S.K.: 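Have a look at this one.
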Amino acid sequence: WGGVVQTAGDGGRIGGSGSMTELDTEASVDIAGRYLRMVSGGGIGSGANAVEVAVDRLAAQAVGGIYLTESDGLEIDDVSVTVVRVAADGGSAPITDALLSDVVASGPGSAVVITVLDGDLDLNDGSIGTGVSVGNGGTGNILLQVSQGDLVISDGAGLRSMGGSITLRSGSGVVFVGTPEVSTVGGGSVYVLAQSGSVRMSGFENYIDNFQPSQSVIHNFSTVKLIK
């Protein structure tokens, strides 16, 4: 991208067999709308240049890594969009994509990095019901970071890395609702940081599991609360 893709409608659909990369290095928004569905046979953004978005709800799948920066709050949940394709003769026809949930990078070593600059990041499992809201299938890492709002992980909306590490960072609080699971397999670690708020768990059933308890850390500068 070198400009901006923007719609005032309900949804946007971006897909392709290759990677989705940004050509410029500016911090301006690349994609704006209400709902965004992204499917890539390669990666989405890069560690050096994330794709900047301003959307309410997101679902994304990629073989490569996923690197996104949201400007003003984001929800991970179901996305099913209908777009209108304009033909060469000027006519048009609707295209409706199948329902997509979650943010998943499936390739070996593929990372997921989502940054929210302002507002909350809310993770929901979606109606497909995988138990995972953000995950990867390889050895890549997962980083979710919220600069000024809360990171809220809803019941069933777990995070899972099949070999990498997971870091959850919030400028305010990290909230576990119900019994979401944050898990890694192998040598990965889990790190949770609430910088100015608290880490809140609504019950003792929540668990962080990386099969190596000595590598799991919950850290905040205020308090850790287990809420019944």
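Note: hydrogens, waters and symmetry copies are ignored here, and every other heavy atom, side chains too, is used. Fair warning: this is a prediction, and the values are worked out from it, not measured in the lab.
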S.K.: Take Ser127 and Leu99 through the test side chain to side chain contact (heavy atoms under 4.5 Å, CB included) and record every step on the way to the result.
M.R.: CA-CA 9 Å; Ser127 59; Leu99 182 74; 3.0 Å; yes

S.K.: Any donor-acceptor pair under 3.5 Å linking the side-chain atoms of Asn136 with those of Ser110?
M.R.: no

S.K.: Step by step, work out the side chain to side chain contact (heavy atoms under 4.5 Å, CB included) result for Val79 and Leu58.
M.R.: CA-CA 7 Å; Val79 176; Leu58 169 74; 5.7 Å; no

S.K.: Give a yes or no on whether Ile44 and Ile31 share a hydrophobic cluster (residues Ile, Leu, Val, Met, Phe, Trp, Tyr; joining criterion: side-chain heavy atoms under 4.5 Å apart).
M.R.: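 Yes, one cluster joins them.
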
S.K.: In a table with atom names and distances, give each donor-acceptor pair under 3.5 Å that connects a side chain of residues 59-71 to protein atoms at least two apart or in another chain.
M.R.:
| residue | atom | partner | partner atom | Å |
| --- | --- | --- | --- | --- |
| Glu70 | OE1 | Val55 | N | 3.0 |
| Glu70 | OE2 | Asp72 | N | 3.0 |

S.K.: Picking from Val174, Leu121, Thr115, Thr167, what satisfies side chain to side chain contact (heavy atoms under 4.5 Å, CB included) with Leu144?
M.R.: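 The option that passes is Leu121.
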
S.K.: Check Thr184, Ile153, Val112 against Leu159 for a side chain to side chain contact (heavy atoms under 4.5 Å, CB included) and give me the one that passes.
M.R.: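 Of all the options given, the one that passes is Ile153.
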
S.K.: Should Ile166 and Val132 be regarded as members of a common hydrophobic cluster, given that ILVMFWY residues are connected when their side-chain heavy atoms come within less than 4.5 Å of each other, either directly or indirectly?
M.R.: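 No, Ile166 does not connect to Val132 through the hydrophobic network.
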
S.K.: Give a yes or no on whether Leu74 and Val51 share a hydrophobic cluster (residues Ile, Leu, Val, Met, Phe, Trp, Tyr; joining criterion: side-chain heavy atoms under 4.5 Å apart).
M.R.: yes

S.K.: Kindly compute the distance separating OG (Ser183) from CE (Met162), expressed to the nearest 0.5 Å.
M.R.: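 If I round to the nearest 0.5 Å, the distance is 8.0 Å.
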
S.K.: Within this structure, what is the CZ-CG distance for the pair Arg57 and Leu36, rounded to the nearest 0.5 Å?
M.R.: 12.5 Å

S.K.: Flag yes if Val116 and Val199 sit in one hydrophobic cluster, no otherwise; membership is Ile, Leu, Val, Met, Phe, Trp, Tyr, and two members link when side-chain heavy atoms are under 4.5 Å apart.
M.R.: yes

S.K.: Are Val104 and Leu123 in one and the same hydrophobic cluster, where Ile, Leu, Val, Met, Phe, Trp and Tyr link if side-chain heavy atoms are under 4.5 Å apart?
M.R.: no

